[in-house]
Every structure is written in C-alpha cells, then in structure tokens.
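Shown next, in structure tokens, is the structure this report addresses.
Residue indices begin at 1 and follow the sequence shown.
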Amino acid sequence: MTFICYPKCTTCQKAQKWLDENGISYTFRDIKMENPTYEELSAWHRRSGLPLKKFFNTSGLLYKSMALKDKLPTMNEDEMLKLLAADGMLVRRPLLVGNDFVLVGFKEAEWESRLKK
C-alpha cells in the first residue's frame, strides 16, 4: 500500500499514527515532493468508485484562490485530472492506495472496515 500525504497536514498525521498503531505497513509518499501523475489519478479515480470531485482538497488555499468551487461543475474529467496532476496541494489527502482500493481522506471507520479484515 502507498500512503500519500502532506506531512504538515494534521489529518495526514492522524492517519499515519492510526496506520502505525494498527501495525499496517505502507510506503510513505509526500504529495508535495512527488505529485500524483495524470495516469495515477485516473487509475485511482476508477478504482475508488468515487466522483472525481471528491479528489479535490476543497479546504485548501489553492482551491479557494482559483475559485474552483464555481469552475469544477463546468469542467470535464480530463480537465479535472490535468488540474489535479498540476499541483499536489489541490489533491485531497491523505490517500491510501492498495491493489484493489483507494481511500480518499481519513475517516477512521472507513479505514478500519477496509484494512482490518
């Protein structure tokens, strides 16, 4: 599994602590240092089963400064993926990517049901 996060993000820190406390092994990836590619995001989107807009960090400064709340509804999937691939700070985090799943954001109950089988 790959754990993709921004180390300064408190939600990411909570998620990482949860993974460590539950003995779940993962590969760490800093989203600011290694931004997800268009291809990765496209594959993760398909694997997650979530709408693409759920991959946007709606509470981020960049999202707000770009007025994406108003722009996203008129954008197609290709445009959204290109935007997400352009800057990791636009991507909602943490992301936990497994072989057959992608978890977006940290919801402890969701992570627990997926990972503690």
Side-chain angles (χ1 to χ4, degrees):
M1 272 186 297
T2 305
F3 176 66
I4 302 156
C5 76
Y6 179 53
K8 293 180 183 175
C9 164
T10 55
T11 304
C12 292
Q13 291 166 4
K14 280 184 209 162
Q16 187 170 15
K17 183 177 184 229
W18 185 89
L19 288 168
D20 293 341
E21 286 174 351
N22 286 281
I24 297 165
S25 61
Y26 57 89
T27 303
F28 180 87
R29 180 168 158 187
D30 183 334
I31 201 164
K32 190 122 172 110
M33 298 295 132
E34 193 181 344
N35 194 51
T37 65
Y38 179 99
E39 291 74 21
E40 285 176 321
L41 289 159
S42 181
W44 297 343
H45 167 238
R46 285 192 306 277
R47 206 176 312 157
S48 74
L50 295 170
L52 193 52
K53 66 182 180 187
K54 293 281 187 194
F55 279 79
F56 281 88
N57 175 17
T58 57
S59 58
L61 298 174
L62 188 55
Y63 180 90
K64 291 174 181 171
S65 71
M66 293 175 73
L68 290 177
K69 182 181 178 192
D70 302 322
K71 293 177 184 171
L72 280 185
T74 64
M75 294 173 82
N76 65 37
E77 192 173 290
D78 183 60
E79 291 168 326
M80 285 191 223
L81 285 166
K82 284 178 181 166
L83 195 56
L84 287 167
D87 194 319
M89 292 295 99
L90 284 174
V91 180
R92 185 168 180 206
R93 52 200 182 263
L95 288 165
L96 190 63
V97 180
N99 291 333
D100 61 345
F101 69 91
V102 175
L103 298 176
V104 181
F106 179 59
K107 296 180 199 85
E108 189 172 330
E110 182 186 2
W111 284 40
E112 195 164 319
S113 70
R114 169 52 78 175
L115 300 169
K116 288 184 155 185
K117 292 182 177 176

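Of the possible donor and acceptor atoms, one in the side chain of R47 sits under 3.5 Å from a partner among the backbone N and O of G98. Remark: side-chain polar atoms of H45 are paired, donor with acceptor, to backbone N or O of L50 under 3.5 angstrom. With hydrogens and angles disregarded, a donor-acceptor distance shorter than 3.5 Å links the side chain of W111 to the backbone of G105. Although no hydrogens or angles enter the test, the distance criterion places a donor-acceptor pair under 3.5 Å between the side chain of N76 and the main chain of D78.
For the pair W18 and I24, the minimum side-chain heavy-atom distance is below 4.5 Å. The side-chain heavy atoms of W44 and T2, taken from C-beta on, include no pair separated by under 4.5 Å. Looking at I4 and V91, their side chains never come closer than 4.5 Å, going by heavy atoms from C-beta outward. Side-chain contact between L81 and Y38 is present, with at least one heavy-atom pair separated by less than 4.5 Å. The shortest side-chain heavy-atom distance between N22 and L115 does not fall under the 4.5 Å cut-off. You'll find the side chain of Q13 reaches within 4.5 Å of the side chain of T10, heavy atoms only. Residues M66 and L90 are in side-chain contact: their nearest non-hydrogen atoms beyond the backbone lie under 4.5 Å apart.
In this structure, K107 and V104 approach most closely via the heavy-atom pair NZ-O, 3.9 Å. For the pair F3 and C5, the tightest heavy-atom approach, listed with the atom from each and the gap, is CE2-SG, 3.5 Å. Between R93 and C12 the shortest heavy-atom distance is CG-SG, 3.8 Å. When every heavy atom of P36 is checked against every heavy atom of I31, the shortest pair comes out as CD-CG1, 3.6 Å. Across all non-hydrogen atoms, the minimal contact from Y6 to K32 is CE1-CD, 3.7 Å. Looking at every heavy atom in both residues, M75 comes nearest to E79 through CA-OE1, 3.2 Å.
Atom-to-atom distance recorded for L84:CG and R92:CZ is 12.5 Å, nearest 0.5 angstrom. Note that the CG atom of L68 and the OG1 atom of T58 stand 10.5 Å from one another [nearest 0.5 Å]. The OG atom of S48 sits 12.5 Å away from the CG atom of L96 when rounded to the nearest 0.5 Å. Distance check: C9 SG to K14 NZ gives 9.0 Å after rounding to the nearest 0.5 Å. Between L83 atom CG and L72 atom CG the span is 7.0 Å, to the nearest 0.5 Å. In this structure, K82 NZ and L41 CG are separated by 13.5 Å, a value rounded to the nearest 0.5 Å.
A salt bridge between R114 and E110 is absent, with no side-chain N of the basic residue lying under 4.0 Å from a carboxylate O of the acidic one.
Tracing side-chain contacts under 4.5 Å through hydrophobic residues (I, L, V, M, F, W, Y), one never reaches F106 starting from V97; they form parts of separate clusters. Residue L95 is grouped with residue Y63 when hydrophobic side chains (ILVMFWY) are merged at heavy-atom distances under 4.5 angstrom, including chains of intermediate members. Hydrophobic clustering of Ile, Leu, Val, Met, Phe, Trp and Tyr side chains at less than 4.5 Å, counting indirect connections, keeps F55 apart from L103. Both L19 and F28 belong to a common hydrophobic cluster when Ile, Leu, Val, Met, Phe, Trp and Tyr are linked at side-chain heavy-atom distances under 4.5 angstrom.
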Between F56 and K69, is the side chain to side chain contact (heavy atoms under 4.5 Å, CB included) condition met? List the steps.
CA-CA 10 Å; F56 281 88; K69 182 181 178 192; over 6 Å; no
Could you walk me through whether N35 and T37 pass the side chain to side chain donor-acceptor pair (under 3.5 Å) test, one step at a time?
CA-CA 6 Å; N35 194 51; T37 65; over 6 Å; no
